[in-house]
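This report concerns only the one structure given below.
Computation of the quantities below employed the complete heavy-atom set of this structure, encompassing side-chain atoms and omitting hydrogens, waters and symmetry-equivalent molecules.
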Amino acid sequence: MTKTTSLAKRAEAMAAEMVDLPASAEKADEALIDRAVAHIREVVARTVSRGLDDIGTYLLREFYDNDPELYFSRSTSKHASLNMLIERCESLELPVSRTFLGNALRLAAVTKQLPRASTFRQLPPSHRVELLRVREPEKLEQLASKVVEGGLSVQKVRMLVQEEHGKEASGSGRKRSPEILRAAEACLRVLRNEETGRLLFRRSDVAKMSDEQRAKVDAVVTSLEKRVAELRRILG
């Protein structure tokens with residue numbers, strides 16, 4: 001490398017270091033952050049929310065005759081056509097997750113039972129999805145009002161719903177589930193698709209993993225199988 005070339009490269013490096021960054025890069029601009037938050041929320045509300053609503057409304061109409069009671073009256077896992085549709089999720093043909101599809105359908109069924117001016121309808125999609133576990137329309141609207149009044153985050157909405165379920169359980173006089181049952185239900189919950197009742201994961205999920213990741217999962221599953229066998233033994 002010649003001396004001239006070396007000097008030229010050094011000059012380029014110095015010039016790069018002297019580039020003037022935007023003022024917000026040097027000092028946090030709260031006004032800019034607020035505008036970014038507002039813009040992103042608007043885009044999300046316009047795209048994600050509309051997608052959930054449009055898809056859910058379509059599914060409820062086409063698969064359940066637009067009747068929420070039909071959706072709630074029977075197990076979704078028994079709907080042959082819906083099951084086939086869900087099986088096509090997460091593919092190039094249907095690039096949406098099974099959870100997204102299930103949430104969209106449930107959201108449509110729940111929303112149709114509420115008046116147009118309901119507070120629930122005003123919430124962002126992420127907050128509405130968290131409230132979906134509340135079945136009764138009146139209770140759902142009460143919790144939605146609390147969310148709006150308190151400006152609650154998604155995590156706090158989740159906690160609010162959990163507290164509500166706890167109150168219902170204690171109010172009905174039911175005893176707290178034993179720890180063994182709660183542990184078993186927790187394992188089942190993370191492995192099962194709530195809408196179909198089947199395993200949450202598919203062969204395509206395994207295909208995306210590296211050999212090392214598959215080996216780790218295999219080791220965990222083997223350990224899990226042993227724990228399940230031990231649990232069966234003590235259950236008698």
At what distance, to the nearest 0.5 angstrom, does [atom1] of [X] lie from [atom2] of [Y]?
X	Y	atom1	atom2	value
Ser145	Gln122	OG	CD	8.5 Å
Gln213	Asp218	CD	CG	13.5 Å
Leu59	Ser81	CG	OG	12.0 Å
Leu131	Leu140	CG	CG	5.5 Å
Gln142	Glu164	CD	CD	7.5 Å
Glu230	Leu235	CD	CG	12.0 Å

Is the side chain of [X] donor-acceptor paired with the backbone N or O of [Y] at a distance under 3.5 Å, no angle test?
X	Y	answer
Arg121	Pro115	yes
Asp67	Glu69	yes
His127	Leu152	yes
Thr111	Ala108	no

| query | So which heavy atom on Leu101 is nearest to which on Cys89, and how close? | reply |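 Of all heavy-atom pairs spanning Leu101 and Cys89, the closest is CD2-SG, 3.5 Å.
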| Closest non-hydrogen atom pair between Ala109 and Phe72, with its separation | CB-CE1, 3.8 Å
Test of understanding: clusters of I, L, V, M, F, W, Y form through side-chain heavy atoms closer than 4.5 Å, transitively. Do [X] and [Y] belong to the same one?
X	Y	value
Leu70	Leu82	yes
Val148	Val154	no
Val110	Tyr58	yes
Val220	Leu191	no

If you define the side chain from C-beta out and look only at heavy atoms, does anything of [X] sit under 4.5 Å from [Y]?
X	Y	answer
Tyr64	Leu105	yes
Asn103	Arg106	no
Glu87	Asn83	no
Leu85	Leu94	yes
Val129	Leu52	yes

| task | In plain terms, say whether Lys146 and Glu149 are close enough for a salt bridge, that is, a side-chain N and a carboxylate O under 4.0 Å apart. | result |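 Salt bridge flag = no for Glu149 with Lys146.
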| field | Under-4.0 Å salt bridge between Asp53 and Arg128 | value |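 A salt bridge links Asp53 with Arg128.
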| message | Checking side-chain polar atoms at under 3.5 Å, does Ser223 have a donor or acceptor matched by the opposite partner on Arg227? | response |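 A donor-acceptor contact under 3.5 Å links the two side chains.
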Within 6.0 Å of [atom1] in [X], more than 12 heavy atoms from elsewhere:
X	atom1	answer
Met209	CE	yes
Leu231	CG	yes
Asp34	CG	yes

| query | Can you list the residues that meet the ring pair (Phe, Tyr, Trp, His ring centres under 6.0 Å) rule with Phe63, with sequence neighbours excluded? | reply | His79
| Intermediate values then yes/no, side chain to side chain donor-acceptor pair (under 3.5 Å), Gln155 and Glu130 | CA-CA 9 Å; Gln155 183 177 5; Glu130 287 298 331; over 6 Å; no
| Does anything in residues 88-97 pair up under salt bridge (Lys or Arg N to Asp or Glu O under 4.0 Å), and if so which pairs, sequence neighbours excluded? | Arg88-Glu93, Glu90-Arg98
